[in-house]
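A quick note: this is a predicted structure, and the numbers were derived from the prediction, not measured. Both ligands and their constituent atoms are indexed starting at 1 by order of listing.
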Amino acid sequence: MTSDVATIAGIDAPTGLLIGGQWSEGRAGRLPVINPATEDALTDVADASPEDAIEAVDAAARALPLWAARPPRERGECLRRAYELTVSRAEQLARLMVLENGKALRDARGEVLYAAEFFRWYAEEAVRIDGSLTVAPSGANRIMAIRQPVGVSVLITPWNFPAAMATRKIGPALAAGCTVVLKPAKETPLTALAVAAILAEAGVPDGVVNVLPTTRPGPLTEVMLGDPRVRKLSFTGSTEVGRVLLKLAADTVTNCSMELGGNAPFLVFDDADIDAAVDGAFVAKMRNGGEACTAANRFYVHEAVAAEFAGKLTARLAALRVGPGLDEGVDLGPLVNADTRAKVASLVDSATRDGAAVLTGGQAPKRAGYFYQPTVLDSVPASSAILSEEIFGPVAPIVRFATTDEAVALANNTEYGLVSYLYSRDLRRCLQVAEALEAGMIGVNRGVVSDPAAPFGGVKQSGLGREGAHDGLLEFTETKYIAVDW
Ligand code: NAD
């Protein structure tokens, strides 16, 4: 397969590298894209080499001066058209995403609309890049501060939200006047390439957005970060890879934004509305099949309500229909690949060896595809590995607690700090606990926090910087201070 476009399930999808507005072959050959529901290859796409990466940086650097100089309104209007095109193609994009990622069609449809919203939000933010003018305390001078685009930006995205993680970076980068090289995960290049094609159709000039699928992310990123024209790295992925990239970026002091892993605690207090807590727990756990950095990873439930909560959550998970994501009525598709499923299975097995009780699930069904049953584990010992590692699958471990202090201490006992959830009817307790929890985001009586207009990001080893909101735009700008004497 060498053509630039493959027709997959009736959908035409670009399969080349996008460099300087041209679809091209990669110097490293082709890489297969696997359907996780069947384990078969769907198609293949061009595989970029480090030489291709330098060409992409050349293209982004050439396009930068003109794009940065385009009136903010015009940059915003390109993003607005991209929003409209994404919404008008939502069903095709969702289906393409299901085929390469595995998620259920309902989740994919939700993601496409969420992804489109980043284009709409940053179309609006493009015209709100402010600065400041103040009087020096001495009264003698004026202090003028303006914001300029940081420059050529390398964007690296994971496979779990292949559209939204790309638009959450491309939207603010383009609004700020930056040009980008996007390196999607090798599992989900088709969605990223389809998003790039939409941006081109929306009028984004050649070279402003370049896309490089690759099987060799390390050497590719190393050569780009070593190039002095690259001034920004925006990464979403695991904490493990984030640490490697921060060290690499240190050599060239490249500006970094890092959206890394999570280990979200979900706290249910004795005064919570249990039905509402189960609804919230269900979505916090099962959105995207559990393959989300925001997924509730550990359920800490007060001992007085634990049995009721566990019973109701188990009934919800046990009723889910598992199958290929494109099948109507399927609630839970396969995991993305064999490694992800093996990790989920090994965490569940070690928790049961530690003494956890399996309330439902606990196994991979015997069929083709990387499926894993929705699983609830009760009475999980505090030392179990499943409470300290990201599960990234449809598994809900429950731990009982007795006091609020104990719950907060358990929740904070992790190097991660992306999001925490809590359920209680007592507003005073909600706010006190929300302040005590070490996380960048807190869901109070809510199981979802993501919103393009909200500052998304973590503390501790869950990341640096924020995406979404106005904050996400500022990540792609540099402040310049102009000392003025007049
Ligand atoms: P990953 O870290 O393995 O890969 C993420 C990206 O980094 C991929 O594009 C991959 O190709 C690339 N990569 C891998 N090794 C690299 C290297 N040496 N140099 C440069 N790039 C490299 O993560 P994943 O398995 O794709 O995604 C799951 C992880 O992403 C989870 O830890 C999840 O919590 C995290 N995540 C975080 C957020 C957030 O906003 N905080 C959002 C989604 C996912």
Side-chain angles (χ1 to χ4, degrees), residues 31 36 47-48 50 53 100-101 103 111 114-115 118 154-169 181-189 191-192 211-226 230 233-249 254 256-264 287-297 335-341 343-344 389-393 414-419 439-441 449-452 454-468 471-472 475:
L31 74 91
D47 189 356
E100 64 177 354
N101 168 283
K103 65 179 71 182
E111 182 186 339
Y114 175 53
F118 286 104
V154 169
L155 316 178
I156 302 182
T157 50
W159 47 262
N160 64 337
F161 290 104
M165 296 303 98
T167 62
R168 196 165 79 173
K169 297 184 188 305
V181 180
L182 169 67
K183 195 219 75 59
K186 70 176 187 317
E187 291 82 358
T188 53
T191 305
V211 187
L212 302 176
T214 182
T215 47
R216 298 166 65 208
L220 209 87
T221 308
E222 197 170 337
V223 68
M224 288 196 282
L225 291 187
V230 171
L233 169 65
S234 177
F235 173 76
T236 298
S238 61
T239 296
E240 188 186 357
V241 173
R243 284 190 201 106
V244 171
L245 295 178
L246 280 168
K247 285 182 189 142
L248 204 56
T254 301
C256 288
S257 298
M258 293 274 150
E259 295 289 345
L260 308 178
N263 179 10
R287 176 169 169 253
N288 219 41
E291 291 176 310
C293 52
T294 51
N297 210 57
L335 295 168
V336 74
N337 57 29
D339 287 351
T340 304
R341 183 177 57 184
K343 181 180 177 195
V344 171
E389 291 187 33
E390 251 188 319
I391 304 170
F392 244 59
T414 170
E415 77 261 27
Y416 294 106
L418 188 61
V419 57
M441 302 176 286
V449 296
S450 303
D451 188 318
F456 186 106
V459 301
K460 294 162 84 177
Q461 296 193 34
S462 283
L464 300 170
R466 293 293 179 269
E467 291 192 323
D471 307 45
E475 301 274 327

For ligand 1, give me the residues whose heavy-atom distance to it is below 4.0 Å, by chain and number please. Ile156, Thr157, Pro158, Trp159, Asn160, Met165, Arg168, Lys183, Pro184, Ala185, Pro217, Gly218, Thr221, Phe235, Thr236, Gly237, Ser238, Val241, Leu245, Glu259, Leu260, Gly261, Gly262, Cys293, Glu390, Phe392, Leu418, Phe456

Please output the side-chain donor-acceptor pairs of residues 155-162 that fall under 3.5 Å, not counting sequence neighbours, one pair per line with the distance.
| from | atom 1 | to | atom 2 | distance (Å) |
| --- | --- | --- | --- | --- |
| Asn160 | ND2 | Glu291 | O | 3.2 |

Test item: Lys183 and Val154 side chains (from C-beta on) under 4.5 Å apart, heavy atoms: no

Per the side-chain contact (heavy atoms from CB on, under 4.5 Å) rule, which among Arg341, Lys103, Glu187 passes with Val336? Glu187

Which pair of heavy atoms, one from Ser462 and one from Gly261, lies closest together, and at what distance? OG-O, 2.6 Å

Sequence-distant partners of Ala48, side-chain contact (heavy atoms from CB on, under 4.5 Å), two or more places apart: Leu17, Asp52, Leu212, Thr214, Leu220

According to side-chain contact (heavy atoms from CB on, under 4.5 Å), who are the partners of Leu464, at least two apart in sequence or on a separate chain? Leu246, Met258

